[in-house]
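Below: one structure, written as structure tokens.
None of the values given here were measured: they were computed from a predicted structure. Just so it is clear, the values below take in all heavy atoms, side chains as well, and ignore hydrogens, waters and symmetry mates.
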Amino acid sequence: SCAQKIADFNDGDDITNVKAHSMAFVLSTDRWDEIVTFCETTGVKLVFGLNGDTRIPYNDFNASLDFGLNNTEAFVKYIAKHGASTVTAFELGNEKCDKVNPTVYSDDIRYLRKLVDENWPADVTKPLVNGPDCNPTHDPTWIIDFLNNTHDGILDVMTYHNYVGYGLDPNLAVDMMNTDWSFFNAGPDKASDFIAGWEAIGRPDGMEIWVGEIAAAWHSGEPGVTDRFISSFWYADALGLLATLNPTSFQRQALAGGNYALLDLEKMLPQPDFFVAQLFHDYMGVKVLSLDAGDAKDNGLRSYAQCD
């Protein structure tokens, strides 16, 4: 998943016409072409995060994003002509649920849906439209209001983030290995409001759930903890436990970058959790089974079962 701020555009469809003062945040056409080439060479499908911070005035809970969507519109139109088959999904915003009115947010999602429908080539599969990509730490009424205005074929995928600890917490390693399982259970507990909201509107047909970001700790994780084998106990459990909550896709934060990555950024070699992800991918199927570990659960055994 790429989530870079798109440059301000002075002219509708011209992605190269950007304001000089925003160059530090510009995704240039050359860079985009490099991304397309990389995806085509490796077979990677791209989920691209679109900036949701351009609303006017900034962070006004009731302000519509429409005023700031001109460069997003230009960018979507450009991609439709250059690398349309590369993009599997667009995702609007990042952790803004507590800062945006749910009705306004859903209207913005509808606007993005309209952009995709009107501009995508007829011979290329249209990208999915994803959102709201939030940390589910609020009352489920927000997600219910949001989904009630987007479940009718507008939103393809409901996404949420799921972090447990804090990367600067000196007790992170101790908490992670606490035998009361509180750390292991915290992630699904945080997700419960989001899942409850999705279930409250009847599990809309055709709408998937994706865990858009997950790590044992936010703030880029913690060196010596989230990039070591101690993290693998949490990660293996999280993969099995969150699978029981109906997600159809599960994105680790991150592949490379930060102390919670699957790859060491400097050497580009696998971190311990990479092997957990590989083993889960290779040996756990797509159907989640109900498993009762009996008395073993009281003795600290966490068990999960999946099949093809």
Side-chain angles (χ1 to χ4, degrees), residues 1-5 35 38-39 44-53 88-98 128 130-138 157-169 172-173 175-176 183-191 193-195 208-243 245 247-281:
S1 175
C2 285
Q4 298 187 40
K5 180 177 178 181
I35 293 172
F38 172 80
C39 292
V44 166
K45 295 297 184 180
L46 186 66
V47 177
F48 197 95
L50 294 168
N51 183 23
D53 274 345
T88 294
F90 285 116
E91 188 169 64
L92 182 62
N94 178 56
E95 300 183 359
K96 297 299 177 185
C97 293
D98 59 338
L128 301 172
N130 299 1
D133 208 35
C134 296
N135 285 313
T137 56
H138 45 71
V157 180
M158 183 185 81
T159 59
Y160 68 89
H161 294 177
N162 202 241
Y163 293 95
V164 185
Y166 175 38
L168 296 181
D169 181 1
L172 181 64
D175 292 343
M176 192 177 290
F183 190 91
F184 288 70
N185 293 331
D189 287 346
K190 288 183 177 181
D193 284 348
F194 243 52
I195 304 302
E208 298 183 24
I209 299 178
W210 290 7
V211 183
E213 295 181 18
I214 186 171
W218 61 283
H219 200 273
S220 291
E222 183 173 309
V225 180
T226 54
D227 56 356
R228 296 293 186 268
F229 278 107
I230 188 174
S231 174
S232 298
F233 291 96
W234 161 82
Y235 190 36
D237 184 73
L239 286 167
L241 186 56
L242 284 172
L245 299 179
T248 52
S249 185
F250 194 108
Q251 285 87 47
R252 170 66 178 249
Q253 173 75 319
L255 176 63
N259 297 303
Y260 45 26
L262 294 178
L263 300 178
D264 178 280
L265 185 60
E266 201 172 295
K267 300 178 181 178
M268 293 307 290
L269 294 175
Q271 306 272 42
D273 282 359
F274 175 91
F275 299 103
V276 175
Q278 187 69 56
L279 288 169
F280 192 90
H281 176 273

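- The shortest non-hydrogen separation linking Gly165 to Trp218 is O-CD1, 2.9 Å.
- Partners of Glu95 according to the side-chain hydrogen bond (donor to acceptor under 3.5 Å, both in side chains) rule, which considers only residues two or more places apart in sequence or in another chain, are Asn135, His161.
- Contact of the Glu91 side chain with the Pro132 side chain is not registered, since no non-hydrogen atoms from C-beta on lie closer than 4.5 Å.
- For Ser249, the side-chain hydrogen bond (donor to acceptor under 3.5 Å, both in side chains) partners at least two apart in sequence or on another chain are Gln251.
- Qualifying side-chain hydrogen bond (donor to acceptor under 3.5 Å, both in side chains) partners for Glu208, counting only residues two or more places apart in sequence or in other chains: Trp210, Thr248.
- Each salt bridge (charged side-chain N to carboxylate O under 4.0 Å, His left out) pair with one or both residues in residues 209-221, not counting sequence neighbours, would appear here, but there are none.
- Atom OH of Tyr166 has more than 12 neighbouring heavy atoms from other residues, nucleotides or ligands inside a 6.0 Å radius.
- Residues forming a side-chain contact (heavy atoms from CB on, under 4.5 Å) with Phe38 (at least two apart in sequence, or on another chain): Thr42, Val44.
- Taking the side chain as every heavy atom from C-beta outward, Leu242 and Pro188 approach each other to under 4.5 Å.
- Between Gly167 and Ala217 the shortest heavy-atom distance is N-CB, 3.7 Å.
- Within the model, atoms CE of Met176 and CZ of Phe233 stand 11.0 Å from one another, a figure rounded to the nearest 0.5 Å.
- With sequence neighbours left out, the salt bridge (charged side-chain N to carboxylate O under 4.0 Å, His left out) criterion links Asp273 to Arg252.
- Remark: Phe280 pairs with no residue by the ring pair (Phe, Tyr, Trp, His ring centres under 6.0 Å) rule, at least two apart or across chains.
- Checked against side-chain contact (heavy atoms from CB on, under 4.5 Å), Ala215 has the following partners two or more places apart in sequence or in another chain: Tyr163, Tyr260.
- In this structure, the side chain of Thr159 engages the main chain of Asp133 through a donor-acceptor pair within 3.5 Å.
- With rounding to the nearest 0.5 Å, the separation of CD in Gln271 from CG in Leu265 is 9.5 Å.
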- Message: As a quick check of understanding, evaluate side chain to side chain contact (heavy atoms under 4.5 Å, CB included) for Ser232 and Phe275, giving each step before the final call.
- Response: CA-CA 9 Å; Ser232 298; Phe275 299 103; over 6 Å; no
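- Listed by chain and residue number, Tyr160, Asn162, Ile214, Pro247, Phe250 satisfy the side-chain contact (heavy atoms from CB on, under 4.5 Å) test with Val211 (two or more places apart in sequence, or in another chain).
- Atom-to-atom distance recorded for Asn259:CG and Ser231:OG is 11.0 Å, nearest 0.5 angstrom.
- Distance check: Phe274 CZ to Tyr235 OH gives 10.0 Å after rounding to the nearest 0.5 Å.
- A search for salt bridge (charged side-chain N to carboxylate O under 4.0 Å, His left out) contacts involving Asp237 returns Arg302, not counting sequence neighbours.
- In this structure, Val164 and Asp175 have side chains that are not in contact, with every pair of non-hydrogen atoms separated by 4.5 Å or more.
- Leu279 is linked by a side-chain contact (heavy atoms from CB on, under 4.5 Å) to Tyr283, counting only residues two or more places apart in sequence or in another chain.
- Within the model, atoms CG of Leu46 and OG1 of Thr88 stand 7.5 Å from one another, a figure rounded to the nearest 0.5 Å.
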- Query: Yes or no on side chain to side chain contact (heavy atoms under 4.5 Å, CB included) for Leu172 and Phe183, after CA distance, side-chain angles and deciding distance?
  - Reply: CA-CA 9 Å; Leu172 181 64; Phe183 190 91; 3.8 Å; yes
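- The two atoms that bring Val225 and Ile230 nearest to each other are O-CG2, 3.2 Å, heavy atoms only.
- Gln253 contributes atom CD, which lies 7.5 Å from atom OG of Ser220 (distance to the nearest 0.5 angstrom).
- When all heavy atoms are compared, the tightest approach of Leu245 to Ala191 is CD1-CB, 4.5 Å.
- Applying the salt bridge (charged side-chain N to carboxylate O under 4.0 Å, His left out) test to pairs two or more places apart or on separate chains, none has a residue in residues 221-235.
- Considering every non-hydrogen atom in both Thr226 and Ala216, the closest pair reads CG2-CB, 4.0 Å.
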